[in-house]
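Start at 1 with the first residue, then count along the sequence. Given the structure is predicted, the values throughout are model-derived calculations rather than measurements.
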Amino acid sequence: NMTNDKLSHCVHRISARLSAGEELSFSLKQYPKVFEPLAIGLIEAGEAGGILEKVLDRIALLLEERAKIRSQIIGAMIYPVIVLLLAASVSLSLLIFVVPKFKDMFDGMGAELPALTSVLLDLSKLVTSIQFAIGAPLAILIASFLFNNYYKTAQGRLNVDKFLLKVPLFGDLLLKSEMASMCDTLSTLVNSGIPIVDGIERCISASSNELIRRTLQQSISLIRQGQELNYSMAKARVLPRLVISMIKIGEETGQLSFMLDNLSLFYKREVETSVSSLTKA
């Protein structure tokens with residue numbers, strides 16, 4: 001009943017492998033472009049601990065929550081983009097169709113025009129010129145090409161992602177969504193018996209922000225040197241203090257998974273509140 005032929009083919013092949021006696025995790029590893037390393041790692045841990053059914057349920061919830069957060073972020077961004085596009089369209093229409101009609105009237109008056117009026121007339125003349133009609137789309141294409149090439153570089157991706165986290169309103173929303181996803185993922189991994197370093201490595205692959213990814217990578221290096229998780233994450237001064245404090249309490253009390261669960265729930269509610277505020281603004 002699957003509409004995706006490639007996925008359907010993979011499922012049939014995996015079914016054949018399972019019938020031949022292979023473990024589920026080993027079968028899934030043969031299709032790394034289809035199944036996430038995070039899911040495969042959890043399934044592997046579930047098989048080793050004899051709790052595969054519970055792990056599969058947890059994976060379904062984890063992926064569902066990640067998809068929900070992603071859709072909330074997209075929904076929050078669509079609203080202001082549409083508003084900006086409408087504002088730009090209205091402004092451009094005024095400059096092209098309305099302002100030129102006043103030009104003849106101003107010319108007939110023969111009076112000296114205010115500075116603002118002169119600027120509007122000059123802008124109208126610019127946007128109605130052939131040079132603008134050709135140059136503006138070309139400039140946009142060139143800028144897009146240069147940005148894409150820059151973002152493909154390691155330093156470019158880091159600089160852009162760092163900037164996004166500093167953008168008013170949206171930066172805070174992106175950071176909260178990253179924290180909700182990270183805490184949820186790490187809690188699931190720790191609760192499934194996966195070592196903390198392996199868990200953080202899987203959180204790195206699940207993150208979409210290069211600054212967060214590098215922060216987590218740095219924390220792995222410090223943990224391997226004998227540092228605690230909370231200290232290693234606080235070193236870069238990127239993650240919120242609440243996350244560091246709760247993780248520290250979890251490590252001291254032996255309830256790290258519980259604290260990560262609470263952090264995940266907190267940031268999920270924060271994301272929902274932020275999205276609601278942005279769309280109502």
Can you measure from CD1 (I212) to CG (L239) and round to the nearest 0.5 angstrom? 5.5 Å
Mark yes or no for whether S144, through its side chain, and I140, through its backbone, hold a donor-acceptor pair below 3.5 Å. yes
Test salt bridge (charged side-chain N to carboxylate O under 4.0 Å, His left out) applied to K268 - qualifying residues, sequence neighbours left out: E65, D184
For the residue pair R66 and S181, what are the closest heavy atoms and their distance? CG-OG, 3.8 Å
Report yes or no: does S207 contribute a side-chain atom to a donor-acceptor pair with the main-chain N or O of I204 at less than 3.5 Å? no
I need the minimum non-hydrogen distance between P240 and L175, along with the two atoms involved. CG-CD2, 4.0 Å
Under 4.5 Å side-chain linkage, directly or through intermediates, the cluster mates of L85: V81
Grab the two heavy atoms, one from I59 and one from A39, that are nearest each other, plus how far apart they are. CD1-O, 3.6 Å
Ignoring hydrogens and angles, tell me if any N or O in the side chain of S187 forms a donor-acceptor pair with the backbone of S257 under 3.5 Å. yes
If every non-hydrogen atom of A180 is compared with every non-hydrogen atom of S264, which pair is closest and at what distance? O-OG, 3.5 Å
Are any side-chain N or O atoms of S15 and backbone N or O atoms of V11, one a donor and one an acceptor, separated by less than 3.5 Å? no
Under the salt bridge (charged side-chain N to carboxylate O under 4.0 Å, His left out) test, which residues partner K54, sequence neighbours left out? none
About how many Å separate CD of Q131 and CG of L138, when rounded to the nearest 0.5 Å? 13.0 Å
Closer than 3.5 angstrom, by distance alone: can the side chain of S91 be matched with the main-chain N or O of A88 as a donor-acceptor pair? no
So which heavy atom on F132 is nearest to which on P137, and how close? O-CD, 3.9 Å
Working to the nearest 0.5 angstrom, can you tell me the gap between S274 OG and L169 CG? 8.5 Å
Check whether any side-chain heavy atom of Y267 lies under 4.5 Å from a side-chain heavy atom of I69, and answer yes or no. no
Applying side-chain hydrogen bond (donor to acceptor under 3.5 Å, both in side chains), which residue pairs with at least one partner in residues 37-51 are found, sequence neighbours left out? S25-E47, K29-E44
Worked verdict on L126 versus D122 for side chain to side chain contact (heavy atoms under 4.5 Å, CB included): CA-CA 6 Å; L126 173 65; D122 290 339; over 6 Å; no
Checking one residue: I134. Which other hydrophobic residues are in its cluster under the side-chain 4.5 Å linking rule? I130
Please report the C-alpha distance between E210 and R214 in whole Å, then the side-chain angles of each, then the deciding distance to 0.1 Å, and finally whether the salt bridge (charged side-chain N to carboxylate O under 4.0 Å, His left out) criterion is met. CA-CA 6 Å; E210 185 64 22; R214 293 200 182 191; 3.2 Å; yes
Applying side-chain hydrogen bond (donor to acceptor under 3.5 Å, both in side chains), which residue pairs with at least one partner in residues 227-239 are found, sequence neighbours left out? E228-N230, N230-E251, Y231-K235
Determine whether F266 and C183 make a side-chain contact, defined as any pair of heavy atoms from C-beta on separated by less than 4.5 Å. no
Side chain to side chain, I82 and L86, heavy atoms closer than 4.5 Å: yes
Rounded at 0.5 Å granularity, tell me how far CD1 in I249 sits from CD1 in I244. 12.0 Å
State, yes or no, whether a side-chain contact exists between M179 and L242 at a heavy-atom distance under 4.5 Å. no
Closest non-hydrogen atoms of R157 and S208, given as atom of the first, atom of the second and distance, are NH2-O, 3.4 Å
Any donor-acceptor pair under 3.5 Å from S219 side chain to L216 backbone: yes
Going from CG on D172 to NZ on K176, what distance comes out if it is rounded to the nearest 0.5 angstrom? 4.0 Å
Determine whether N209 and L174 make a side-chain contact, defined as any pair of heavy atoms from C-beta on separated by less than 4.5 Å. no
So, do Q30 and R13 sit near enough that their side-chain heavy atoms are less than 4.5 Å apart? no
Find out whether L158 and Q155 are in side-chain contact, i.e. whether some heavy atom of one side chain is under 4.5 Å from a heavy atom of the other. yes
Find out if a path of hydrophobic residues (ILVMFWY) with successive side-chain heavy-atom gaps under 4.5 Å connects F147 to L165. yes
What distance separates L186 CG from L229 CG, expressed to the nearest 0.5 Å? 6.5 Å
Is there a path of hydrophobic side-chain contacts, each under 4.5 Å between heavy atoms of I, L, V, M, F, W or Y residues, that connects I96 with L123? yes
Angle between ring planes, F35 versus Y31, binned at 30° and 60°: parallel, tilted or perpendicular? perpendicular
Carefully, step by step, assess E201 and R224 under the rule salt bridge (charged side-chain N to carboxylate O under 4.0 Å, His left out). CA-CA 13 Å; E201 286 178 342; R224 285 174 174 163; 3.2 Å; yes
I would like to know whether D161 and R213 meet side chain to side chain contact (heavy atoms under 4.5 Å, CB included); could you show each step before the answer? CA-CA 10 Å; D161 287 352; R213 290 164 63 92; over 6 Å; no
Audit row: F258, N262, side chain to side chain contact (heavy atoms under 4.5 Å, CB included) steps and yes/no: CA-CA 6 Å; F258 174 73; N262 284 337; 3.2 Å; yes
Can you check whether L120's main-chain N or O pairs, donor with acceptor, with S124's side chain at less than 3.5 Å? no
Exercise: do R58 and T188 side chains pair donor with acceptor under 3.5 Å: yes
Apply side chain to side chain contact (heavy atoms under 4.5 Å, CB included) to I14 and L24, showing your working. CA-CA 8 Å; I14 291 170; L24 178 58; 4.2 Å; yes
Residue pair D198 / L189, side-chain heavy-atom distance below 4.5 Å: no
Flag if over 12 foreign heavy atoms under 6.0 Å of OH, Y150: yes
With the 4.5 Å side-chain cut-off for hydrophobic clustering, are L222 and L211 part of the same group? no
